[in-house]
Student: 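My questions all concern the structure below.
Since this is a predicted model, take the numbers as computed values, not measurements.
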Amino acid sequence: MAKTQILRKAGEALGLGGRLKAAITGDPNKKVDLADLAGTFGFDLLFGGLAAAQTPGDAGDKLIAGVSQAVGGGLGGVGLTALTGNTGKYRFATDLGGSIVGDMAGMAVGDNLLRAKDKIGGGQGQTPYERMSTQQQEEFAKMLRQQILTEYGIVPGTREQYAMDPTTGMGVS
């Protein structure tokens, strides 16, 4: 037997085929069409796309973030709906709850993949947001150091040197 036949037989034995179809369409006897797929997975794909668009970094970082969130949300929603067997009027609420949990799981998986990608690439094993945070903290520390040195007149060539009385070396008021 081929692998697909074995998986199909196992799914039929567990009753997964009808439950998954019912989770997507709302009816185990209805054929899955594009409208059902869009209704079930549309928001998961939308939020995966938003995650990809908002993630800093290169195209690989964006791809990992978007796909992990979209797949996590899609599988979570369909999985919870199939698990509970809820095909009635509350199917979309069940799908929404499962999608939220799946999004969280997908983000955790995506973050670990992004850390591994950064580590393999010679980085410190950080997500794009962690890298951005580290860079911004370093920039802020540099700016703060420069501001303190300037305020106390330690940095030569600043405008504070012109506010001194050259005969006494004291500040002019």
Side-chain angles (χ1 to χ4, degrees), residues 1-140:
M1 286 184 129
K3 282 185 184 180
T4 55
Q5 289 176 338
I6 293 172
L7 290 174
R8 185 175 298 129
K9 294 273 186 197
E12 288 172 4
L14 294 172
L16 292 179
R19 285 188 150 208
L20 287 177
K21 187 187 286 187
I24 295 171
T25 63
D27 181 7
N29 299 319
K30 182 182 175 198
K31 184 179 178 186
V32 178
D33 60 9
L34 188 59
D36 294 324
L37 291 173
T40 303
F41 298 112
F43 284 110
D44 300 315
L45 293 173
L46 173 71
F47 288 118
L50 286 173
Q54 295 174 351
T55 299
D58 61 6
D61 293 338
K62 292 176 182 298
L63 180 70
I64 291 170
V67 168
S68 64
Q69 190 165 348
V71 169
L75 291 179
V78 169
L80 183 62
T81 306
L83 183 68
T84 60
N86 189 356
T87 59
K89 61 183 176 181
Y90 300 112
R91 178 174 64 92
F92 287 110
T94 308
D95 182 71
L96 176 66
S99 291
I100 291 171
V101 172
D103 275 345
M104 291 180 193
M107 282 188 263
V109 169
D111 282 349
N112 287 329
L113 290 172
L114 289 167
R115 286 186 183 105
K117 177 185 173 282
D118 186 49
K119 192 74 166 174
I120 290 170
Q124 298 175 356
Q126 297 176 317
T127 68
Y129 282 109
E130 291 168 345
R131 282 194 309 268
M132 187 172 67
S133 175
T134 301
Q135 178 188 4
Q136 288 175 345
Q137 288 291 328
E138 290 169 358
E139 290 171 2
F140 179 68

Student: Compare every heavy atom of Asp61 with every heavy atom of Asp58, then report the nearest pair and how far apart it is.
Tutor: OD1-N, 2.9 Å
Student: Rounded to the nearest 0.5 Å, how far apart are CZ of Arg131 and CD of Gln136?
Tutor: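 If we round to the nearest 0.5 Å, Arg131:CZ and Gln136:CD are 13.0 Å apart.
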Student: Looking at Gly66 and Ala51, what are the two nearest heavy atoms and their distance?
Tutor: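 What the structure gives for the nearest pair is CA-CB, 4.5 Å.
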Student: About how many Å separate OG of Ser133 and CD of Glu138, when rounded to the nearest 0.5 Å?
Tutor: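 The distance works out to 10.0 Å.
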Student: Can you tell me if Glu139 has over 12 outside heavy atoms packed within less than 6.0 Å of its CD?
Tutor: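 Counting other residues, nucleotides and ligands, CD of Glu139 exceeds 12 neighbours.
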Student: Please walk me through it: do Ser99 and Asp44 pass side-chain hydrogen bond (donor to acceptor under 3.5 Å, both in side chains)?
Tutor: CA-CA 7 Å; Ser99 291; Asp44 300 315; 3.2 Å; yes
Student: Is a donor on one side and an acceptor on the other found under 3.5 Å between the side chain of Ser68 and the backbone of Ala65?
Tutor: yes
Student: State, yes or no, whether a side-chain contact exists between Glu130 and Asp118 at a heavy-atom distance under 4.5 Å.
Tutor: no
Student: Does a side-chain heavy-atom distance below 4.5 Å link Asp111 with Tyr129?
Tutor: no
Student: Counting C-beta onward and ignoring hydrogens, is there a side-chain heavy-atom pair between Arg115 and Asn112 closer than 4.5 Å?
Tutor: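 SC-SC contact between Arg115 and Asn112 confirmed.
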Student: CG/Leu75 to CG/Leu80 distance, rounded to the nearest 0.5 angstrom?
Tutor: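 Taking CG in Leu75 and CG in Leu80, the distance rounds to 12.5 Å.
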Student: Contact between Gln69 and Thr55 at the side-chain level, heavy atoms closer than 4.5 Å - yes or no?
Tutor: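 Result no, sub-4.5 Å side-chain heavy-atom pair not found.
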Student: What is the minimum heavy-atom distance between Val78 and Asp95, and which atoms define it?
Tutor: N-OD1, 3.6 Å
Student: When rounded to the nearest 0.5 angstrom, what distance separates OG1 in Thr81 from OH in Tyr90?
Tutor: 15.0 Å
Student: Closest heavy-atom contact between Pro128 and Pro56?
Tutor: CB-O, 3.0 Å
Student: Distance check, rounded to the nearest 0.5 Å: Ile24 atom CD1 versus Arg91 atom CZ?
Tutor: 9.0 Å
Student: For Lys62 versus Gly57, what's the shortest heavy-atom pair and its separation?
Tutor: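 Result for this residue pair: CE-O, 3.7 Å.
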Student: Working to the nearest 0.5 angstrom, can you tell me the gap between Thr127 OG1 and Ile64 CD1?
Tutor: 11.5 Å
Student: Counting only heavy atoms not in Met104, do more than 12 sit closer than 6.0 Å to its CE atom?
Tutor: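 No.
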Student: Would you say that more than 12 heavy atoms from the other residues, nucleotides or ligands in this model lie under 6.0 Å from the NZ of Lys119, or not?
Tutor: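 Incorrect, the count does not exceed 12.
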